[in-house]
Each structure stands twice: as C-alpha cells, then as structure tokens.
Amino acid sequence: MTKNSHAVTLDKLRAALPKQVLAWSAATNDRIYNSETIFGYINGGAEVYRAYNMRRCLSKRYTSPDGPAIVLDIFDMGSSGDAYGVFTHDPEGEVVELGQDGRLRPGWLNFWKDRFFVSIYTEEETASAIQAVKALGEMIDSIISTRGTRPEILKLLPPEGLKSESVHYLHHPIILNYHYYISDGNLLHLSPETDAVLASYQRHAEQALVLLVSYPEPDAAARAYATFLKHYLPDVDKTGMAMLENNKWCAAKVKDRLLTIVLEADRRQLADKLLKAFK
C-alpha cells in the first residue's frame with residue numbers, strides 16, 4: 001500500500017472519535033498504551049499483540065445510564081500485515097461488512113483495516129448495546145479511509161482444499177506454539193524478518209496442516225530446515241517424510257527462501273501431494 005502524508009494516525013483517530021454513540025457517551029479519560037505498558041492493561045493477552053509488533057493502543061470507554069459500558073480498543077500495529085495477523089489469531093464469529101474481515105460474536109465486534117486492529121465489546125450483551133457497538137464500528141470504519149493489503153505469502157497457499165477460516169499469519173514462535181506446538185525453543189528461527197502462515201487443508205475425507213515460512217535469504221531457510229529435521233523430524237527418509245507417533249505424516253522441504261512443512265497429514269499420499277503443490 002502506498003504511504004502518503006494524509007494517512008490516518010492513531011492520534012488522528014483519537015481526535016475524530018465520536019463523543020456520542022446512540023445513548024452512549026464517551027468518557028474523557030481515554031488511555032494510550034505502548035508495547036511495555038500494555039501489560040498493565042491486558043492481563044495475559046499482551047504477548048499476542050507484542051508478537052505482532054504492536055506500536056500503540058488507544059482505549060476508550062462509552063457509558064450509558066441505562067446500559068452496560070462499551071470498551072473500544074484500537075491497536076496501531078505498524079503495518080497492515082501485522083494488523084491482519086492479529087485478526088487471524090482469533091478469527092471466529094459471524095462475518096459482518098465492517099472494516100476488513102469484520103467479525104461479530106456475543107458482545108464483541110472486531111476487524112482490521114489499514115494498519116489498525118479494532119476491538120469493540122460490551123460488558124453485557126443487550127440489544128441496544130450491540131446496536132451501539134455496530135454503530136461505533138461503522139463510524140471508525142469510515143474514519144480509517146485507507147485499506148490494508150494481506151501478506152504476500154498467502155498467495156502461495158494452493159486453493160484446493162484450503163480451509164480459509166484456519167489461516168493464521170505469524171512471525172513469532174509464541175503464536176505458532178499457541179496454534180500448533182513445535183517446541184519450547186525457536187526451532188524454525190522465526191523473527192520479525194520472517195513471514196509464516198499456518199493453514200489447514202481438507203481433500204475429500206483427508207486432512208492436513210501446513211506451515212510455510214519465508215526467510216530473508218536462502219541460507220537462513222536452509223539453517224532452519226536443518227534444525228527442524230534434527231530436533232523435530234530425525235527419522236525423515238530421503239523423500240523428506242516421516243510418520244509421527246500419532247500415525248500421521250510429516251514432511252518438509254526447502255527451496256530458496258521458502259521452507260514448507262506438512263505438520264500432520266492423514267496419509268502419506270496427501271503429505272506428498274501437498275508438499276509438491278508448493279512450488
């Protein structure tokens with residue numbers, strides 16, 4: 001996405017936020033958190049945002065004499081890729097036409113747009129509160145005039161059998177281990193300079209889990225591949241495959257800067273087909 005001097009900033013968003021949303025009035029004591037002070041605000045969840053290089057978070061409350069409080073959090077993630085990544089960490093919910101990939105679940109609305117991740121929730125789910133949550137979401141959506149672009153690595157995922165709701169974009173071992181535990185260490189040498197995507201596939205009655213990691217240079221990809229084989233897949237055969245203890249198949253290959261791993265496949269044939277599908 002082309003940068004320009006008129007791009008919306010968190011400070012501009014803060015100044016443009018409505019003072020009134022239906023029967024809810026904005027509190028005057030909104031707060032700004034950075035990557036260190038966010039720990040004092042989000043108990044137990046701050047590491048997720050830090051893993052996606054969070055810059056700042058604006059938190060604002062809206063209150064009504066006849067309804068529950070509504071809490072708005074806007075995270076400036078620094079890039080549209082990381083805003084999308086935070087969204088993919090927990091993408092469940094009903095699809096709504098707000099921002100990019102808007103989701104609504106009981107009491108909570110969230111979406112990403114440009115480099116921002118927006119979270120709006122009500123402390124008690126009532127019909128009027130949900131109406132106000134949606135109205136606030138629409139206002140913020142209109143304030144953020146630019147849209148973000150998804151990470152390029154997503155284009156490498158073969159479409160056949162891809163379960164789109166399972167896609168998680170990441171570049172930190174904490175996030176990978178949350179969705180699929182690899183090890184306590186960082187076997188794959190993930191860092192802010194690496195792009196990774198974890199996704200599930202289903203072809204007919206067979207399923208598999210695939211991880212792609214793109215590195216800054218081929219040597220880094222080769223080192224990660226060697227470390228992965230040594231510590232995670234020591235019994236790999238000459239085709240790059242091995243059966244796991246759960247009788248599923250794991251396979252890996254490296255080419256240039258891209259490391260492809262089929263973490264679990266129901267059958268060897270499926271692992272082989274998926275491995276070959278990634279050019």
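- Side-chain atoms of Glu36 never come within 3.5 Å of backbone atoms of Ile38 as a donor-acceptor pair (strictly under, hydrogens ignored).
- Put simply, the side chain of Arg103 reaches to within 4.5 Å of the side chain of Val95, judged on heavy atoms.
- At a threshold of 4.5 Å between non-hydrogen side-chain atoms, the residues Tyr169 and His89 do not count as touching.
- A salt bridge is defined here as a Lys NZ or Arg NE, NH1 or NH2 lying under 4.0 Å from an Asp or Glu carboxylate O, and Lys155 with Glu152 meets this definition.
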Go through the steps to decide whether Arg61 and Asp73 satisfy the test salt bridge (charged side-chain N to carboxylate O under 4.0 Å, His left out), and finish with yes or no. CA-CA 9 Å; Arg61 292 174 66 88; Asp73 294 322; over 6 Å; no
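- A centroid separation of 6.0 Å or more is found between the aromatic rings of Trp112 and Phe117.
- No salt bridge links Asp76 with Arg14; every basic N to acidic carboxylate O contact stays at or beyond 4.0 Å.
- Between the Lys113 side chain and the Asp141 main chain, a donor and an acceptor come within less than 3.5 Å of each other.
- Side-chain contact between His168 and Val197 is absent, with no heavy-atom pair separated by less than 4.5 Å.
- When hydrophobic clusters are built by joining Ile, Leu, Val, Met, Phe, Trp and Tyr residues whose side-chain heavy atoms come closer than 4.5 Å, directly or via intermediates, Leu176 is grouped together with Val254.
- With hydrogens and angles ignored, the 3.5 Å screen pairs a side-chain donor or acceptor of Gln100 with a backbone N or O of Gly148.
- Looking at Arg257, its side chain never comes within 3.5 Å of a backbone N or O of Lys255 through a donor-acceptor pair.
- Salt bridge Asp90/Arg105: present, at least one basic N to carboxylate O contact under 4.0 Å.
- Residues Tyr121 and Asn110 fail the side-chain proximity criterion, which asks for heavy atoms closer than 4.5 Å.
- No donor-acceptor pair closer than 3.5 Å links the side chain of Asp82 to the backbone N or O of Gly85.
- At a threshold of 4.5 Å between non-hydrogen side-chain atoms, the residues Leu212 and Leu157 count as touching.
- When all heavy atoms are compared, the tightest approach of Tyr33 to Ser59 is CE1-CB, 3.9 Å.
- Atom CG of Asp237 sits in a crowded spot, with more than 12 heavy atoms from other residues, nucleotides or ligands closer than 6.0 Å.
- In this structure, the ring pair (Phe, Tyr, Trp, His ring centres under 6.0 Å) partners of Tyr232, at least two apart in sequence or on a different chain, are Phe228.
- Between Lys276 and Asp272 there is a salt bridge, since at least one side-chain N of the basic residue sits less than 4.0 Å from a carboxylate O of the acidic one.
- In terms of heavy-atom proximity, Glu124 sits nearest to Ala129 at O-CB, 4.0 Å.
- Leu17 is listed as a side-chain neighbour of Lys60, based on a closest heavy-atom distance under 4.5 Å.
- With sequence neighbours left out, Asp256 forms a salt bridge (charged side-chain N to carboxylate O under 4.0 Å, His left out) with no residue at all.
- Heavy-atom minimum distance, Ser80 versus Thr149: OG-O, 3.1 Å.
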